Amino acid sequence: MAELRLPFSRPPAFDSVDDERLHLKQRLAASFRMFGRFGFSEGVAGHITARDPEFPETFWVNPFGMNFSHIRVSDLIRVDHHGEVVEGEYHVNTAAFAIHSQVHAARPDVVAAAHAHSIYGKSWSSLGRTLDPLTQDSCAFYGDHVLFDDFTGVVLDTEEGKRIAHALGDSKAAILRNHGNLTVGKSVDEAVWWFITMERTCQAQLLAEAAGTPVLIDEEAAALTATQVGSDGAGWFSYQPLYEWITRAEPDLFD
Ligand SMILES: [Zn+2]
């Protein structure tokens, strides 16, 4: 009998920093296309960042004002810890720098961070509550997300970004009250998967609470399920079918 296989590769190992950077940028461009398809854009809001493998105090991010659905690998810009664009030909969103630079600085383990003003995330954020373990998928966030219980306007200075990073702590996600969600991961794949599944978790809880009184998963089962669906590996793994889909549907993202 033939050996069974998965329709995608295992997490890659790299021979050179150039290969690793290209991989990172391809994952990043693909993730913006996914965000576009999922309807996560709201004007110029939203950003996903990825720490550069050679210059870890800098990160790659989307050009300010470019539609998620148009972003190609060659459009991505690299920004240093002063907010200067050191590679690429576009401006950086000040809010992207203010939030993400502080998250990357506070969390050396974090390679990527994702944030957008998606409709269910921002609706849920206005309730000022963390998410409950209502579904198997929601358990990815059980005991592993926080509420940033403040809103003072558009985040334009790094002091506010520092406060968000402090609230995030060691978690994989933060609900920024009256704003939207922020997720992080050890890979672009992981951070983006957490964002997508968190958005749908917010949607599920909003729907369930609008329809009735949901039954919560008990603590023991939620904690066990968190280890099954909420690990770094599970986050990376869950992203792969989406990557296969978007790269087949929109191969120009590689340009
Ligand atoms: Zn925002």
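Since the structure is predicted, the reported quantities are computational estimates derived from the model, not experimental observations.
Nearest heavy-atom pair, A114 versus A191, reported as atom, atom and distance to 0.1 Å: CB-O, 4.2 Å. For S126 against S123, the heavy-atom pair with the smallest separation is OG-O, 2.7 Å. Minimum interatomic distance between V229 and D137 (heavy atoms only, all atoms of both residues): CG2-O, 4.4 Å. Nearest heavy-atom pair, M198 versus F141, reported as atom, atom and distance to 0.1 Å: CB-CZ, 3.3 Å. Of all heavy-atom pairs spanning T201 and L131, the tightest one is CG2-CD1, 3.9 Å. In terms of heavy atoms, K186 sits closest to E190 at N-OE1, 3.1 Å.
In this structure, H166 has no side-chain contact (heavy atoms from CB on, under 4.5 Å) partners at least two apart in sequence or on a different chain. Listed by chain and residue number, E160 satisfy the side chain to side chain donor-acceptor pair (under 3.5 Å) test with T152 (two or more places apart in sequence, or in another chain). Applying the salt bridge (charged side-chain N to carboxylate O under 4.0 Å, His left out) rule to D19 yields no partners; only residues at least two apart in sequence or on another chain are considered. Partners of Q26 under the side chain to side chain donor-acceptor pair (under 3.5 Å) rule, at least two apart in sequence or in another chain, do not exist in this structure. For E159, the salt bridge (charged side-chain N to carboxylate O under 4.0 Å, His left out) test picks out K162, with sequence neighbours left out. Applying the side chain to side chain donor-acceptor pair (under 3.5 Å) rule to D252 yields the partners R33; only residues at least two apart in sequence or on another chain are considered. In this structure D80 satisfies the side chain to side chain donor-acceptor pair (under 3.5 Å) test with no other residue, sequence neighbours excluded.
Of the inter-residue distances, the one linking D232 atom CG with S187 atom OG reads 8.0 Å to the nearest 0.5 angstrom. Between F151 atom CZ and N178 atom CG the span is 6.5 Å, to the nearest 0.5 Å. We find the CG-CG distance between D189 and L242 to be 10.0 Å, quoted to the nearest 0.5 Å. For the atom pair CG of L253 and OG of S74, the computed distance is 10.5 Å after rounding to the nearest 0.5 Å. Interatomic distance, CG of L156 versus CZ of F97, reported as 12.0 Å (0.5 Å rounding). Rounded to the nearest 0.5 Å, atoms OG1 (T183) and CG (D144) are 11.5 Å apart.
In this structure, the side chain of N93 engages the main chain of A95 through a donor-acceptor pair within 3.5 Å. Between the side chain of S125 and the backbone N or O of H179, at least one donor-acceptor pair lies under 3.5 Å. The main-chain N or O of A140 is found under 3.5 Å from a side-chain atom of K172 such that the two form a donor-acceptor pair.
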Only distances under 3.5 Å count here; give the side-chain donor-acceptor pairs of residues 82-91 to other protein atoms, sequence neighbours excluded, each with its distance to 0.1 Å.
residue, atom, partner, partner atom, Å
E87, OE1, R78, NE, 2.9
E87, OE1, R78, NH2, 3.1

Listing, residues 221-228 side-chain donor-acceptor contacts under 3.5 Å, not counting sequence neighbours, or none:
residue, atom, partner, partner atom, Å
T225, OG1, A221, O, 2.6
T227, OG1, L224, O, 2.5

Quick one: side chains of residues 34-46, donor-acceptor pairs under 3.5 Å with protein atoms, not counting sequence neighbours, listed by atom name and distance.
residue, atom, partner, partner atom, Å
R37, NE, E250, OE2, 2.5
R37, NH2, E250, OE2, 3.0
E42, OE1, K122, NZ, 3.3

Next item on the list: Verify side chain to side chain contact (heavy atoms under 4.5 Å, CB included) between W193 and Y243, making sure each step is shown before the conclusion.
Entry: CA-CA 10 Å; W193 170 252; Y243 185 78; over 6 Å; no
Next item on the list: Go through the steps for V73 and D255 under the test side chain to side chain contact (heavy atoms under 4.5 Å, CB included), then give the verdict.
Entry: CA-CA 6 Å; V73 167; D255 291 354; over 6 Å; no
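Screening residues 99-111 for side-chain hydrogen bond (donor to acceptor under 3.5 Å, both in side chains), with sequence neighbours left out, gives H47-H100, T49-H100, T49-H104, R107-D109.
In this structure, R200 forms no cation-pi arrangement with Y120, as its terminal cationic atom is not both closer than 6.0 Å to the ring centre and no more than 45° off the ring axis.
Here the two rings, on Y239 and F195, have centers that are 6.0 Å apart or farther.
Within the 4.5 Å cutoff, the side chain of L206 has heavy atoms near those of the L127 side chain. Annotation: side chain of L24 is in contact with side chain of P53 (closest heavy-atom distance under 4.5 Å). In this structure the side chain of F64 never reaches within 4.5 angstrom of the side chain of I77, judged on heavy atoms. Between L6 and F237, the closest side-chain pair of non-hydrogen atoms falls below 4.5 Å. Contact check for H23 versus P12: side-chain heavy atoms found under the 4.5 Å cut-off.
No more than 12 heavy atoms of other residues, nucleotides or ligands shown are found within 6.0 angstrom of CD on E219. Within 6.0 Å of the CG atom in D218, the count of heavy atoms belonging to other residues, nucleotides or ligands exceeds 12.
No side-chain N or O of N181 forms a donor-acceptor pair with one of E199 less than 3.5 Å apart.
Within the hydrophobic cluster formed by Ile, Leu, Val, Met, Phe, Trp and Tyr side chains joined at under 4.5 Å, directly or through other members, L168 is accompanied by I99, V103, V110, F148, V155, I164, L176, L182, V184.
Hydrophobic clustering, with ILVMFWY side chains joined whenever heavy atoms are under 4.5 angstrom apart, keeps W236 apart from I48. Linking ILVMFWY residues whenever their side-chain heavy atoms come closer than 4.5 Å, directly or via other members, leaves L216 and Y142 in distinct clusters. Note: the hydrophobic cluster containing F8 does not contain I196 (ILVMFWY, side chain heavy atoms under 4.5 Å, direct or indirect links). Put simply, V188 and V17 are part of two different groups of oily side chains (I, L, V, M, F, W, Y) that touch within less than 4.5 Å, one to the next. Hydrophobic clustering places W245 together with F68 (ILVMFWY residues linked when any side-chain heavy atoms are closer than 4.5 Å, directly or through intermediates).
D150 has a carboxylate O that lies under 4.0 Å from a charged side-chain N of R163, or vice versa, which qualifies the two as a salt bridge.
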